[in-house]
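In listed order, ligands and their atoms are each counted from 1. All heavy atoms count here, side chains included; hydrogens, waters and symmetry mates do not.
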Amino acid sequence: MSVKQFAGKKPFPEEGPLPAHIGVIMDGNGRWAVRRGQIRTQGHLEGLNTAKRIVKAASDMGIAYLTLYVFSTENWKRTAEEVGFIMGLVRQYLAAELDFFRQHRIRIRHSGDARGLPPDIAEEIREVCGDTRDFTGLQVILALNYGGRDEIIRGIKRFLEARPSGGELTEASFRQYLDNPDVPDPDLIIRTAGEMRISNFLLWEGAYTEYWGSEKLWPDFTAEDLASAIAWFQSRERRYGGVKG
Ligand code: FPP
């Protein structure tokens with residue numbers, strides 16, 4: 001299915017490249033559930049279904065990279081029940097979707113500190129990343145136990161450990177110490193639930209990213225909304241701090 005078909009009433013400009021890398025801050029699961037008189041975890045369950053739909057849509061549209069902010073380094077502050085529930089969803093997602101990943105040639109990757117994850121989840125991620133590593137379709141990067149500041153600190157530590165001979169720490173040389181150095185910086189970051197905050201997401205990589213906010217809560221977010229965000233992105237003129245050429 002083409003992006004235009006997704007765009008519905010908001011047609012895409014005839015020209016304009018697709019964003020290669022889209023990041024998503026999937027916010028509003030808790031509010032979605034509370035507004036329905038349900039417990040917060042029900043919102044996460046519905047949020048997982050939305051994530052599956054958006055992965056499928058991004059794959060169909062020909063997006064190259066999609067980073068989903070699943071669990072931040074700050075999310076451990078939530079109740080043990082909620083944390084356990086989200087981890088359970090991750091487990092379920094990785095185990096149940098392998099055939100889907102194979103069918104659509106989707107490569108799964110991880111960003112964040114795997115050492116801080118429950119060992120079985122860290123192992124499951126390692127396996128799925130390994131099983132899908134040669135797939136050349138959409139790359140889905142699960143930001144899990146991820147924090148932008150934490151990624152930068154871990155990167156600096158890795159640089160110091162490696163101490164490359166004559167290696168000066170520069171913006172370009174530092175890049176290879178990020179979690180996924182080969183993944184291009186996000187062109188577009190989408191945040192749902194009406195908030196406009198970075199929330200420690202892709203701090204280094206997002207220096208020149210276009211931000212798009214949706215009032216919709218994440219469980220209500222659709223493939224058409226994704227297409228609208230892309231259409232908006234395509235109408236933007238990116239100058240990277242320079243002037244119009
Ligand atoms: C933010 O909403 C959402 C999260 C912290 C969890 C996101 C997890 C999922 C969508 C499920 C797992 C997905 C995959 C791909 C494995 P919130 O709870 O902060 O919402 P609120 O601000 O309304 O309380």
Side-chain angles (χ1 to χ4, degrees), residues 22-59 63 65-101 104 106-114 116-118 120-129 131-132 138-148 150 189-202 213-223 225-226:
I22 301 177
V24 187
I25 303 176
M26 307 181 285
D27 197 9
N29 292 348
R31 271 165 281 176
W32 184 91
V34 169
R35 280 181 198 173
R36 283 169 175 71
Q38 297 171 355
I39 52 172
R40 291 177 53 80
T41 48
Q42 197 58 35
H44 295 313
L45 186 60
E46 209 48 51
L48 174 62
N49 290 332
T50 301
K52 288 181 188 171
R53 284 198 303 272
I54 295 304
V55 166
K56 170 81 167 57
S59 167
I63 300 297
Y65 303 89
L66 179 72
T67 297
L68 298 177
Y69 203 6
V70 178
F71 194 88
S72 76
T73 45
E74 288 75 36
N75 285 153
W76 298 105
K77 293 178 198 152
R78 297 184 179 211
T79 65
E81 189 204 354
E82 187 169 340
V83 169
F85 190 89
I86 295 173
M87 291 298 156
L89 287 183
V90 173
R91 220 176 261 125
Q92 185 189 320
Y93 179 66
L94 294 173
E97 295 294 292
L98 198 54
D99 280 348
F100 172 82
F101 300 147
H104 295 274
I106 291 172
R107 178 177 176 189
I108 299 294
R109 304 180 69 168
H110 173 238
S111 60
D113 191 351
L117 288 170
D120 66 316
I121 293 195
E123 178 56 24
E124 186 79 32
I125 288 176
R126 210 183 55 76
E127 273 179 27
V128 176
C129 290
D131 289 347
T132 61
L138 171 69
Q139 298 196 26
V140 176
I141 300 126
L142 300 175
L144 192 56
N145 193 26
Y146 177 86
D150 183 63
I189 287 181
I190 295 169
R191 181 168 189 147
T192 56
E195 311 286 349
M196 284 306 259
R197 246 194 334 275
I198 295 175
S199 295
N200 209 7
F201 185 52
L202 301 178
S214 168
E215 290 299 318
K216 282 195 180 177
L217 304 176
W218 176 249
D220 295 326
F221 196 77
T222 64
D225 295 321
L226 176 65

* Quick one: are V24 and I22 in side-chain contact, heavy atoms under 4.5 Å? -> yes
* Asked: Are more than 12 heavy atoms from other residues, nucleotides or ligands located less than 6.0 Å from atom CD of E195?
  -> yes
May I ask you to check if ligand 1 and [X] share an N or O to N or O distance below 3.5 Å?
X	value
Y69	no
W32	no
L68	no
N29	yes
G28	yes
R40	yes

* Asked: When you look at E74 and K77, which way does the salt bridge (Lys or Arg N to Asp or Glu O under 4.0 Å) test go after all the steps?
  -> CA-CA 6 Å; E74 288 75 36; K77 293 178 198 152; 5.8 Å; no
* **Shortest non-hydrogen contact between M87 and I121, atoms and distance** => O-CD1, 3.3 Å
* Heavy-atom pair with the smallest gap, counting every atom of L138 and S59 -> CD2-N, 3.8 Å
* Atom CD in Q42, atom CG in N29: separation rounded to 0.5 Å? -> 11.0 Å
How far is [atom] from its nearest protein heavy atom, and which residue and atom name does that atom have?
atom	answer
atom 4 (C) of ligand 1	H44 CE1, 3.9 Å
atom 14 (C) of ligand 1	L48 CD1, 3.6 Å
atom 15 (C) of ligand 1	A51 CB, 3.8 Å
atom 8 (C) of ligand 1	V70 O, 3.8 Å

* Asked: Thinking salt bridges, do E82 and R40 make one under a 4.0 Å N-O criterion?
  -> yes
* Check each heavy atom of R78 against ligand 1 and say whether those closer than 4.0 Å belong to the side chain, the backbone, both or neither. => side chain
* **A193 touching ligand 1 at heavy-atom level, < 4.0 angstrom** => no
* So is K52 close enough to ligand 1, meaning a heavy atom under 4.0 angstrom away? -> no
* Does N75 reach the main-chain N or O of S72 with its side chain, forming a donor-acceptor pair under 3.5 Å? -> yes
* To do: May I ask you to check whether F101 and Y93 place their ring centres under 6.0 Å from each other?
  => yes
* **Subset of ligand 1 atoms that lie under 4.0 Å from at least one heavy atom of M26** => 1 (C), 2 (O), 3 (C), 10 (C)
* Short list, please: which atoms of ligand 1 are under 4.0 Å from a heavy atom of N75? -> 5 (C)
* In sequence, state the C-alpha distance, the side-chain angles, and the governing distance for T73 and N200, and then conclude on side-chain contact (heavy atoms from CB on, under 4.5 Å). => CA-CA 9 Å; T73 45; N200 209 7; 3.9 Å; yes
